[in-house]
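When reading the values below, keep in mind they use all heavy atoms of this one structure, side chains included, and skip hydrogens, waters and symmetry mates. All residue numbers refer to positions in the sequence shown, counting from 1.
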Amino acid sequence: MHNENPTLLTAFSIAVLMILSACATEQPAVVQNLDELTAVTVTHARTPIIMSPETPIDNETVRDYAQIGAIEINRMGSRRYFLWLGISEVHHRETADEQPQGYESITLLMDDQKHPLDLIGWTHNSIGTSERVYQKLFRTSVDAYYEVDFAQIRSINDAEVIEFQTSGAEPKKFVSWYRQSKAREDLAEFVRTVTQ
């Protein structure tokens, strides 16, 4: 991919995000289904929040992205909550090396609150499902899962500003990218659904 025109890749990325947003408007805000192989009920917001590093947008920049999605896993009345990150880093897509660096622990920044989170796994198996919950943005995007409590999901829902920062020697700060109204509406509906 590194031989392709960065402007075309940026345009392609934007087009994919627009298509996903448009498709999401036709579907219910919250998805709930029984995973028959693991006997858990999986509930998640339909549309993940799209984040990108805090850098200016220009036509020459191929951007990294991260999608954030809320998940509830209900095993016979025992409920656990997770955040999914769909990580789409340009460098990782080009080199296809190991897992992207800095995501073993992240810090959620919601208005004036900070919530450090530790990775529990890179695959859906780590949350007890037999298949992926959210659709990845690119084929080479990487899944990461973090266990949270419901109060943290409610804080994300209530926050006006949502950001997160990676860890490591060169941390990146990700901020909401483009228009997030559908993702925020779906997250609010997720909160309502799981509290009923």
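- By the rule that hydrophobic residues join a cluster once side-chain heavy atoms approach within less than 4.5 Å of another member, I106 and W84 end up as members of separate clusters.
- For the pair E163 (side chain) and S176 (backbone), a donor-acceptor distance under 3.5 Å is absent.
- Counting heavy atoms from C-beta outward, I120 and I127 have side chains that approach closer than 4.5 Å.
- Contact between T166 and G102 at its shortest, heavy atoms only, is CB-O, 3.3 Å.
- Residues I71 and T129 fail the side-chain proximity criterion, which asks for heavy atoms closer than 4.5 Å.
- Contact of the H44 side chain with the V30 side chain is not registered, since no non-hydrogen atoms from C-beta on lie closer than 4.5 Å.
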In sequence, state the C-alpha distance, the side-chain angles, and the governing distance for E104 and D118, and then conclude on side-chain contact (heavy atoms from CB on, under 4.5 Å).
CA-CA 6 Å; E104 294 80 8; D118 290 324; over 6 Å; no

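- Side-chain atoms of Q180 come within 3.5 Å of backbone atoms of I50 as a donor-acceptor pair (strictly under, hydrogens ignored).
- A side-chain donor-acceptor contact under 3.5 Å links S130 and D35.
- Between T43 atom OG1 and Y81 atom OH the span is 8.5 Å, to the nearest 0.5 Å.
- A donor-acceptor pair is defined here as one N or O able to donate and one able to accept, closer than 3.5 Å; no such pair exists between the side chain of Y134 and the backbone of R46.
- Using a 4.0 Å cut-off between charged nitrogen and carboxylate oxygen, R132 and D143 count as a salt-bridge pair.
- Defined by atom type and a distance below 3.5 Å, a donor-acceptor pair is missing between the side-chain atoms of N74 and T41.
- Considering only residues two or more places apart in sequence or on other chains, D158 meets the side chain to side chain contact (heavy atoms under 4.5 Å, CB included) condition with R154.
- Residue pairs meeting the ring-ring contact (aromatic ring centres under 6.0 Å, His included) criterion with at least one member in residues 98-125: none, sequence neighbours excluded.
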Show your reasoning for whether side-chain contact (heavy atoms from CB on, under 4.5 Å) applies to I153 and V191.
CA-CA 8 Å; I153 292 178; V191 169; 4.1 Å; yes

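- In this structure, N157 CG and E185 CD are separated by 11.5 Å, a value rounded to the nearest 0.5 Å.
- Evaluation of the ring pair (Phe, Tyr, Trp, His ring centres under 6.0 Å) rule for F190 yields no partner, not counting sequence neighbours.
- Side-chain atoms of F150 and T195, non-hydrogen and from C-beta on, do get closer than 4.5 Å to each other.
- Contact annotation: the side chain of K173 never approaches that of P53 to less than 4.5 Å [non-hydrogen atoms, C-beta and beyond].
- V40 and V194 are not part of a single hydrophobic cluster, where members link through side-chain heavy atoms under 4.5 Å apart.
- Summarising the geometry, atom CD belonging to Q152 is positioned 9.5 Å from atom CD belonging to E147; distances are rounded to the nearest 0.5 Å.
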F82 and Y145: CA distance, side-chain angles, deciding distance, ring pair (Phe, Tyr, Trp, His ring centres under 6.0 Å) verdict:
CA-CA 7 Å; F82 301 91; Y145 296 90; 7.4 Å; no

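- Between R80 and E72 no salt bridge is recorded (no basic side-chain N to carboxylate O distance below 4.0 Å).
- Taking CZ from F164 and CG from L83, the interatomic distance works out to 10.5 Å, rounded to the nearest 0.5 Å.
- Between the side chain of Q113 and the main chain of D111, no donor-acceptor pair closer than 3.5 Å is present.
- Under the 4.0 Å criterion applied to side-chain N and carboxylate O atoms, E89 and K172 are assigned as salt-bridge partners.
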Test T107 against L117 for side-chain contact (heavy atoms from CB on, under 4.5 Å), laying out the working first.
CA-CA 6 Å; T107 301; L117 302 177; over 6 Å; no

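- The shortest side-chain heavy-atom distance between L34 and V42 does not fall under the 4.5 Å cut-off.
- A159 and M110 make their closest contact through CB-CB, 3.7 Å (heavy atoms, listed as atom of the first residue, atom of the second, distance).
- Taking CD of Q67 as the start and OG1 of T47 as the end, the distance is 10.5 Å to the nearest 0.5 Å.
- Once rounded to the nearest 0.5 Å, the distance linking CD1 of I162 with CG of L108 reads 8.5 Å.
- Under the 4.5 Å side-chain criterion, counting only non-hydrogen atoms from C-beta, Y146 is in contact with L85.
- No donor-acceptor distance shorter than 3.5 angstrom exists from the side chain of R192 to the backbone of L187, with no hydrogens or angles considered.
- If you chain together hydrophobic residues whose side chains sit under 4.5 Å apart, L119 and F174 fall into the same group.
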Mind running side-chain contact (heavy atoms from CB on, under 4.5 Å) on R79 and I73 for me, showing each step along the way?
CA-CA 6 Å; R79 299 169 187 240; I73 302 295; over 6 Å; no

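- Each of S105, P171, P116 was compared with Q165 under the side chain to side chain contact (heavy atoms under 4.5 Å, CB included) criterion, and only P171 meets it.
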